[in-house]
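Each chain gets a letter, A, B and so on, in the order the sequences are listed, and its residues count up from 1. Below, each value reflects all heavy atoms present in this structure, side chains not excepted, and no hydrogens, waters or symmetry copies.
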Amino acid sequence: MAQMKFLCDAERCIECNGCVTACKNANETDWGIQRRRVVTLDDGKPSEVSISVACMHCDDAPCMAVCPTDCFYKTDDGIVLHDKDICIGCGYCLYACPFGAPQFPKEEAFGERGKMDKCTFCAGGPAETKEEEYEKYGANRIAEGKLPLCAEMCSTKALLAGDAQTISDIFRQRVVYRGHEDGGWSSVEKAQMSGPDVSANLDEMAYDATRATREG
Amino acid sequence: MHTLMQCLWRLRMIGAVLLLAVLAASLAPPSSAAEPDEEIGQAVGTVDADTWRQVKSGENFIDSRHDSTYNLINPSGETWRQIRNEWISPAGLIAIGGMLAILIIFYLVVGRNDLDHERTGRKILRWTALERSLHWTVATLFIALSLTGLNLLYGKFVFRHIFGDVFWANMIMGSKLIHNYAGPVFGILLIVILAKWLKMNLPKKHDWEWFKQGGGMVGDKHPDAGFANAGEKVWFWLLASVGLLVIVSGFVLDFPIFGQTRDNMQWANMFHGVTSLILMTVALGHIYIGTLGTEGAFEGMATGYVDETWAKQHHNLWYEEVKNSAGQPQQSDPPVGDDTATAHRPN
Ligand code: HEM
Ligand code: SF4
Ligand code: SF4
């Protein structure tokens, strides 16, 4: 069985927020709810870098472990979904989630938050009919054999969605191609962004998606 | 007319700003032309180990969600999960289960603490109607909060499997609603009760002796006690300390409208869990002593009056001071007319 994952290649993300918009559009989420967000570090500085993040569909999901109602479940594809009929809006999943994925339509006195909402990997959720499913959880693109719209729409293909094995292979290729010193963890700058060939290197890197090889 | 003028004015402003910008651009040193490599190097973000460290630290970031203060990775969530699920929740089961076991064994082995002498039938006012209604309201709320709180912590392991999804959904939603609305009421009333009963729970010298004799379990004489014995005072001060922490942490959880962060809520939850489990555990002891454990204690809080014999045995110092006000046998009218027991508890 596939293990569905998101991966955001921070070297490529240009902070266009296309994924955020695509998600909002695909899922028609409630007012104020934005399942995907783009976090930018060091905004405006040379070291600026952006990463798109939503629910990461954790293998050992903290939200699932702390939910007092046990309303989360994992699909066979490793997607973490939850049942809004059972959710009581206690907020525990948000406190536990490393990525700030769970959101609530409101936040009022006496802990009134409404039903939790989060990214479903465009896989909908438990409901009797398709309409009800769309109303409560948004699109179920997975059932139609499609991947999440955010990743499909990503203009630089920074955001990848799919089976963990497949997308990590793609990312690994990129890392090798770019010549990081120690895998994805090191700076590209150290390897390629200094020395006389910097312009050529950067130009090449910008096209690493379309060129089959370094020379090609 | 007015708005048209404003429009024109604004247009002129924009024109001036544009002009300034063009001027500034033409005057500025052409740095990019001089050092193209540096310029390109700056144009492309670099992701290095520092970046990932920064991700965790939660510093220097912006977020495309309009009101988000959530850094990219919040490592404390997992820590909270570990502490809540691996420590607090099993420890609570052990504490409550252990207390229940101890009480059952104690009851089976030692049994009820009976009155040593015949009742005289003379009744002494111990709790006024106001005090009794306060006590039973707080007690009812406490039990409701305990059961619903325990359901939030442990219910999912039991009831969903037994009753199915639909029943469970209503049950846990009901629990949350009762808990979140009864909590503040409980908090206010508990503070009222604590203030009302503060004076008679101030520690006295004879309380120490009471402890040494284990409240009468060590040796065969009854240690001295005023209106409240030392054991009751411990329960009072536990409520006045741990109980207040339960209320404060509950309040933080219940009103997420003051800009609490996720970390604040994790702390509040852990405090709330630990302190409320301590309260529940000790409350079991309190309930046991007040009902099954001691002959004649329950009727005091139920009717307001205790038998003279009971007062002499359990609260001898108080009895000495109020014995003259004890009513005649089988008297149905309240023996004391002023309807407040404060006169009866000089210590
Ligand atoms: C006798 C007093 C109380 C007891 C025994 C008690 C017990 C508990 C327990 C066991 C939990 C679950 C903790 C967890 O799941 O980790 C809980 C949660 C909670 N308690 Fe209490 N509690 C008490 C009083 C209060 C008070 C006074 C308030 C509010 C002022 C309050 C508000 C809350 C809230 C908001 C939650 C989170 C649950 C939710 O929002 O769904 N509690 N309590
Ligand atoms: S909501 Fe958060 S904790 Fe739960 S699976 Fe998604 S990323 Fe993981
Ligand atoms: S808000 Fe809903 S989904 Fe999240 S922990 Fe509470 S009950 Fe579970």
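- Contacts with chain A (heavy atom to heavy atom, under 4.5 Å) involve no residue of residues 87-95 of chain B.
- Of all residues spanning residues 251-262 of chain B, those with a heavy atom less than 4.5 Å away from chain A's heavy atoms are B/Leu253, B/Asp254, B/Phe255, B/Pro256, B/Ile257, B/Arg262, arranged by number.
- Checked by atom type and distance alone, the side chain of A/Lys118 never pairs as donor or acceptor with a backbone atom of A/Cys93 at under 3.5 Å.
- Note: A/Pro98 leads A/Pro98, A/Ala109, A/Gly100 in heavy-atom pairs under 4.5 Å with chain B.
- Between A/Tyr95 and B/Trp267, the gap from one ring centroid to the other reaches at least 6.0 Å.
- Ring to ring, A/Phe99 and B/Tyr70 are not that close: their centroids are 6.0 angstrom or more apart.
- Contacts between A/Cys71 and chain B at a heavy-atom distance below 4.5 Å involve the backbone alone (N, CA, C, O).
- Heavy-atom pairs under 4.5 Å with chain B were tallied for A/Thr69, A/Asp43, A/Val53; the largest tally goes to A/Thr69.
- The number of heavy atoms from other shown groups lying within 6.0 Å of CD (A/Glu135) does not exceed 12.
- Proximity to chain B is limited to the backbone of A/Cys67, based on heavy atoms less than 4.5 angstrom apart.
- Between the side chains of A/Ser52 and A/Arg37, no donor N or O sits under 3.5 Å from an acceptor N or O.
- Interface check for chain A: of the options B/Pro75, B/Ser64, B/Ala169, the most heavy-atom pairs under 4.5 Å are formed by B/Ser64.
- At distances below 3.5 Å, not a single donor-acceptor pair connects side-chain atoms of A/Arg35 with backbone N or O atoms of A/Thr29.
- Here A/Asp83 does not pair with A/Lys115 in a salt bridge; the nearest charged N to carboxylate O distance is not below 4.0 Å.
- The main-chain N or O of B/Ser249 is never found under 3.5 Å from a side-chain atom of B/His272 such that the two would form a donor-acceptor pair.
- A/Glu133 has no carboxylate O lying under 4.0 Å from a charged side-chain N of A/Lys130, or vice versa, which leaves the two without a salt bridge.
- Of the possible donor and acceptor atoms, none in the side chain of A/His82 sits under 3.5 Å from a partner among the backbone N and O of A/Tyr73.
- Scanning residues 172-190 of chain B against chain A with a 4.5 Å non-hydrogen threshold yields B/Ile172, B/Met173, B/Lys176, B/Leu177, B/Asn180, B/Tyr181, B/Pro184, sorted by number.
- Using modelled atom types, no side-chain atom of A/Glu15 and backbone atom of A/Thr40 make a donor-acceptor pair closer than 3.5 Å.
- The candidate from B/Ile62, B/Asn74, B/Asn60, B/Asp63 with the greatest count of non-hydrogen atom pairs under 4.5 Å with chain A is B/Ile62.
- Salt-bridge check for A/Lys5 with A/Asp59: passed, with a basic side-chain N closer than 4.0 Å to an acidic carboxylate O.
- Identified by a heavy-atom distance below 4.5 Å to chain A, the contributing residues of residues 152-160 of chain B are B/Leu152, B/Lys156, B/Arg160, in residue-number order.
- Under the 3.5 Å distance criterion, the side-chain polar atoms of A/Arg113 are matched with a main-chain donor or acceptor of A/Gly89.
- One N or O on the side chain of A/Thr156 and one on the backbone of A/Arg12 form a donor-acceptor pair closer than 3.5 Å.
- At a 4.5 Å heavy-atom cutoff, the contact between A/Gln103 and chain B is made by side-chain atoms alone.
- Residue A/Val39 touches chain B through both its backbone and its side chain, counting heavy-atom pairs closer than 4.5 Å.
- Under a 3.5 Å cut-off, the side chain of A/Lys136 and the backbone N or O of A/Asp85 do not form any donor-acceptor pair.
- Salt-bridge check for A/Lys84 with A/Asp117: passed, with a basic side-chain N closer than 4.0 Å to an acidic carboxylate O.
- For the pair A/Glu48 (side chain) and A/Gly44 (backbone), a donor-acceptor distance under 3.5 Å is present.
- Side chain of A/Asn25 to main chain of A/Thr21: no donor-acceptor pair is present (N/O by atom type, distance under 3.5 Å, no hydrogens or angles).
- Heavy atoms closer than 4.5 Å to chain A are found in the side chain of B/Arg84, but not in its backbone.
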